[in-house]
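What follows is one structure encoded as structure tokens, with my remarks underneath.
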Amino acid sequence: MRVLTLGTGAGRPTLQRHTSATALEYEGETFLFDCGEATQLQLIRSPLKWGKLTAVFIGHLHGDHLYGLPGLLGTLSLGERQDLLRVFGPAGLKEYLRVHQETKSLWINYPLEVVEIEAPGLIFETERYQVFCAPLSHLIPCWGYAFRERPRPGAFDEAKARELGIPEGPERMDLVRGRAVKLADGRVVAPEGLVGPPRPGRSFAYCLDTRPCPEALQLACGVDLLVHEATFGSEYREEAHQWGHSCAEDAARAAREAGAKRLILTHISQRYTEPQILLREARREHPDSELAEDLQSFSVP
Ligand SMILES: [Zn+2]
Ligand SMILES: [Zn+2]
């Protein structure tokens with residue numbers, strides 16, 4: 001599982017930073033959080049397989065988080081995509097895409113499901129993971145998201161399995177799932193001693209754009225990695241809050257209070273030509289903070 005910050009700027013693109021988009025790659029699936037202008041170009045520059053795109057989660061309808069979506073959806077129509085694509089976002093997203101389609105600027109030839117989120121909580125799940133949302137505090141309705149993998153089976157002791165002569169195949173899968181297996185020679189092997197205790201699932205939260213708010217703490221509760229906006233430094237704290245944003249210190253405090261293990265700062269204002277001051281500010285609150293650059297990759301072990 002890894003997170004790629006595709007666009008890390010705020011408001012408008014610059015030569016150094018594209019507008020907001022972050023990808024999550026998980027076990028062969030890709031999820032996109034926000035889709036600022038030219039996100040598809042950033043996807044091409046990234047190592048991601050965007051044919052594997054499962055879902056797009058749009059936080060809010062400000063252009064710096066959204067202008068890339070029609071372009072991306074249209075380009076997927078020029079390929080061979082046949083799989084369903086889900087797009088989640090706030091009310092108004094369906095209308096936004098409908099106008100693009102009605103004016104013929106956007107043509108889609110694969111199954112697309114657009115979900116306008118109405119309430120906080122669980123919005124999407126499979127056997128392996130769940131995605132939750134909660135309302136953030138911005139100038140317009142805005143959702144933050146949390147991706148939580150379900151608890152994983154314990155680690156499989158390959159060396160011991162070889163020693164016991166367990167063939168590679170369905171027997172091993174059964175053992176990982178906690179079931180005893182009968183081998184060809186009649187021996188019955190139990191999972192105890194071969195499979196470790198279940199491991200907690202990995203998790204990721206995405207909180208853009210927002211002032212400090214309790215919902216961001218809920219989303220980020222105990223996550224392995226939190227991507228949080230840090231539009232400004234604390235010298236602009238009042239201005240930041242007035243415009244529905246956070247400063248780097250706010251983001252780091254949220255990460256610390258939520259028990260997030262690692263913090264990635266993004267949505268950096270173009271006024272910071274030396275954004276390392278934001279990082280220094282954040283590390284005073286949460287030492288495991290990093291400042292995202294475009295196309296940077298962060299693994300979640
Ligand atoms: Zn923004
Ligand atoms: Zn915004």
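The figures that follow rest on heavy atoms only: side chains count, while hydrogens, waters and symmetry mates do not. Every number for a ligand or one of its atoms is a count from 1 in the order of the listing. Predicted, not measured: the structure shown is a model, and the values here were computed from it.
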Q) Who pairs with Y236 by ring pair (Phe, Tyr, Trp, His ring centres under 6.0 Å), at least two apart in sequence or on another chain? A)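 So Y236 forms a ring pair (Phe, Tyr, Trp, His ring centres under 6.0 Å) with F232.
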Q: Can you list, by chain and residue number, the protein N, O or S atoms under 2.8 Å from the Zn ion (ligand 2)?
A: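 Protein N/O/S atoms under 2.8 Å of the Zn ion (ligand 2): H60 NE2, H62 ND1, H138 NE2, D209 OD2.
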Check this for me: does any side-chain nitrogen of one of [X] and [Y] sit under 4.0 Å from a carboxylate oxygen of the other?
X: E249; Y: R237; value: yes
X: E25; Y: K49; value: no
X: E285; Y: R256; value: yes

Q: Say whether E29 and Y129, considering side chains only, have a donor N or O and an acceptor N or O under 3.5 Å apart.
A: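 Yes - a donor-acceptor pair under 3.5 Å links their side chains.
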Q) Do the ring planes of F57 and F124 sit parallel (below 30°), tilted (30 to 60°) or perpendicular (above 60°)? A)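 The rings of F57 and F124 sit tilted, inter-plane angle from 30° to 60°.
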Q: Have a look at H267 and say which of its N, O or S atoms is nearest the Zn ion (ligand 1).
A: NE2
